Amino acid sequence: MESLVAIGIDVHKDKFALVAILLILGAQDQILGEIEVGPDYKEILAFIESIKQKSLPGQTYSFVCGYEAGCLGYVLYHQLTAAGVRCVIMAPTTMLSEQGKRIKTDRRDARLIAKCLCCNGYHPVHVPNAEDEAVRDYLRMRDDHQGALKKLKQQINAFVLRHGCSYVGTKWTARHISWLTGLEKELDEMLAETLKEYMTSYAEQEAKIERFDAKIEEIARRDRYRKLVSKLVCFLGIKTHTALSLIVETGDFMRFAKGNIFAAFLGLAPGEHSSGSGVHRLGITKAGNTHLRTLLIEAASGICKGAVGHKSKALKARQAGQESEVIAYADKANTRLRSKYYRMIRHGKKRNVAVAAVARELACFIWGMATGNTGLTRQAQASAKAGV
């Protein structure tokens with residue numbers, strides 16, 4: 001007789017807390033062992049072997065391990081899977097939690113994870129393949145440098161303002177940068193040297209990001225990504241970097257049954273706190289992939305500018321060579337999203353609320369493009385695939 005043993009793992013950089021629970025149908029689950037070990041997957045395998053040795057004659061165990069998504073990434077998952085142990089990574093926001101007051105310890109957390117495994121009280125995290133994970137980390141590294149560049153610009157603006165210099169006009173254009181460089185002649189020697197070092201750091205950071213973007217364009221031309229990237233960039237506000245991020249962060253779009261489920265995965269679904277006859281609407285849940293949600297909010301901000309139906313030269317260039325069905329679907333989305341934004345603003349909605357609503361609907365259109373659910377009839381889809 002084979003019994004299921006769920007092992008909850010509370011992971012930290014310096015130790016793991018393990019709790020093994022034997023799932024017994026129709027009875028209270030039995031705790032087989034609790035232990036704290038070093039941060040090494042071999043310690044987990046040794047813990048599993050110790051449980052096997054304690055089993056009754058004729059009784060065999062099948063094991064499933066689980067831990068919350070966090071700082072360890074997918075390393076522990078790959079190590080246990082390679083050793084033949086079934087493992088899942090849980091999305092923390094989807095896990096069952098204890099009600100009322102709670103004493104928090106590592107062992108209690110591990111026990112809760114094991115209980116979630118026993119009753120399927122969680123949603124598993126999608127584990128990307130090695131190539132997608134490597135590309136994802138490269139894209140996030142580029143975004144970290146972009147954040148550092150933004151902070152550096154703020155520091156330069158604050159520096160010149162502190163010393164009585166104020167620029168009138170759009171900042172960080174070629175004219176603004178020329179004005180900043182010219183200030184070195186007007187400032188005292190030490191202040192001029194400080195500004196020069198700031199501007200040198202700015203130029204170096206800009207050059208880095210240009211190099212990263214060139215590499216991202218090269219990655220996007222790989223056979224694995226080229227076709228879908230070329231479709232996604234047909235939307236307003238989405239360029240190669242955002243399109244590639246959507247692909248590698250999401251993995252398989254087909255694992256979402258509908259577009260609104262994909263939007264919920266990104267944390268763009270509206271929240272609600274209702275009870276009885278009282279209905280209370282909340283903002284977006286922000287429960288899901290923070291990185292993609294930020295990119296889509298930025299994309300939506302770009303959509304919410306310009307006239308409805310207008311197509312820039314850059315957008316026309318990105319759409320060049322695409323199938324007519326893809327362009328028609330993207331144009332439909334672009335028109336609808338811009339119209340939605342202006343309609344919400346006319347009805348008194350705050351800009352941030354309107355942008356978030358546009359981002360949510362953009363996520364639904366992206367899911368439709370990625371999965372082929374573009375509103376075409378089945379016959380038309382078959383004809384398009386066949387090249388008719």
Side-chain angles (χ1 to χ4, degrees), residues 1-130 132-133 251-252 255 264-265 287-289:
M1 178 180 178
E2 187 175 72
S3 302
L4 177 65
V5 176
I7 299 179
I9 310 172
D10 187 46
V11 297
H12 296 278
K13 64 179 182 180
D14 54 352
K15 67 176 182 178
F16 295 161
L18 309 178
V19 174
I21 294 180
L22 175 62
L23 179 60
I24 305 174
L25 297 177
Q28 186 176 1
D29 297 335
Q30 177 185 350
I31 296 179
L32 296 181
E34 294 181 319
I35 191 174
E36 288 187 354
V37 299
D40 188 348
Y41 81 98
K42 294 179 182 177
E43 300 274 4
I44 301 174
L45 299 180
F47 179 61
I48 292 174
E49 287 299 323
S50 69
I51 293 175
K52 288 181 179 179
Q53 292 173 5
K54 296 177 184 178
S55 62
L56 298 174
Q59 185 178 32
T60 57
Y61 293 141
S62 63
F63 294 86
V64 56
C65 296
Y67 64 96
E68 292 184 59
C71 61
L72 291 187
Y74 308 106
V75 174
L76 184 58
Y77 170 89
H78 290 306
Q79 290 172 336
L80 291 175
T81 303
V85 178
R86 184 177 153 217
C87 183
V88 294
I89 305 175
M90 304 177 179
T93 55
T94 66
M95 293 172 57
L96 297 178
S97 59
E98 295 179 342
Q99 299 296 321
K101 293 183 179 179
R102 181 172 174 229
I103 301 172
K104 186 185 185 313
T105 65
D106 292 344
R107 290 200 179 188
R108 280 176 174 263
D109 289 343
R111 192 179 304 171
L112 180 60
I113 293 171
K115 289 179 179 178
C116 288
L117 284 171
C118 289
C119 63
N120 290 323
Y122 67 93
H123 286 303
V125 170
H126 173 74
V127 179
N129 60 36
D132 284 354
E133 187 177 0
D252 183 11
R255 62 195 176 100
F265 160 74
N289 192 307

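Along the sequence shown, the residues carry numbers beginning at 1. If you're wondering where the values come from, they're calculated on a predicted model, not measured in any experiment.
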Taking the side chain as C-beta and beyond, is there a heavy-atom pair between Asp106 and Lys15 under 4.5 Å?
yes
Nearest 0.5 Å please: distance from the CG atom of Leu76 over to the CD1 atom of Ile9.
5.5 Å
Please give me the minimum heavy-atom distance between His12 and Asp10, naming the atom from each residue.
NE2-OD2, 3.0 Å
Tell me if the CZ atom of Arg86 is crowded by more than 12 foreign heavy atoms within 6.0 Å.
no
Looking at every heavy atom in both Pro128 and Tyr74, which two are closest together, and how far apart are they?
CD-CZ, 3.3 Å
Looking at every heavy atom in both Ala114 and Gly8, which two are closest together, and how far apart are they?
CB-N, 3.6 Å
Could you check if a side-chain atom of His78 sits within less than 4.5 angstrom of a side-chain atom of Val127, using non-hydrogen atoms only?
yes
Would you say that more than 12 heavy atoms from the other residues, nucleotides or ligands in this model lie under 6.0 Å from the OH of Tyr77, or not?
no
When rounded to the nearest 0.5 Å, the distance separating CD of Glu34 from CZ of Phe47 is 8.5 Å
Heavy-atom count around Lys104 NZ within 6.0 Å, excluding the residue itself: above 12?
yes
I'd like to know if the side chain of Asn129 and the backbone of Asp132 have a donor-acceptor N/O pair within less than 3.5 Å.
yes
Work out which heavy atom in Phe16 is nearest to a heavy atom in Leu72; give both atom names and the distance.
CE2-CD1, 3.8 Å
With heavy-atom distances below 4.5 Å as the criterion, would you say the side chains of Lys115 and Val19 are in contact?
no
For the atom pair OH (Tyr122) and SG (Cys116), what is the distance rounded to the nearest 0.5 Å?
9.0 Å
Tell me the closest heavy-atom pair linking Ile7 and Ile48, and the distance in Å.
CD1-CG1, 3.5 Å
Which heavy atom of Ala6 sits nearest a heavy atom of Cys118, and at what distance?
CB-SG, 3.7 Å
Is there side-chain contact between Lys52 and Phe63, with at least one heavy-atom pair below 4.5 Å?
yes
How far does CG of Asp252 sit from NE2 of His126, to the nearest 0.5 angstrom?
6.5 Å
Interatomic distance, Cys87 atom SG to Leu117 atom CG [nearest 0.5 angstrom]:
8.5 Å
Do the non-hydrogen side-chain atoms of Leu45 and Leu80 ever get within less than 4.5 Å of each other?
yes
Pairwise distance CE(Met90) to CG(Leu96) - rounded to 0.5 angstrom:
9.5 Å
Is any side-chain heavy atom of Phe265 closer than 4.5 Å to one of Arg255?
yes
Could you tell me whether the side chain of Tyr41 reaches within less than 4.5 Å of the side chain of Val85, counting heavy atoms only?
no
The single option from Ile31, Ile51, Val5 passing side chain to side chain contact (heavy atoms under 4.5 Å, CB included) against Leu22:
Val5
Just wondering, more than 12 heavy atoms not from His123 lying within 6.0 Å of its NE2?
no
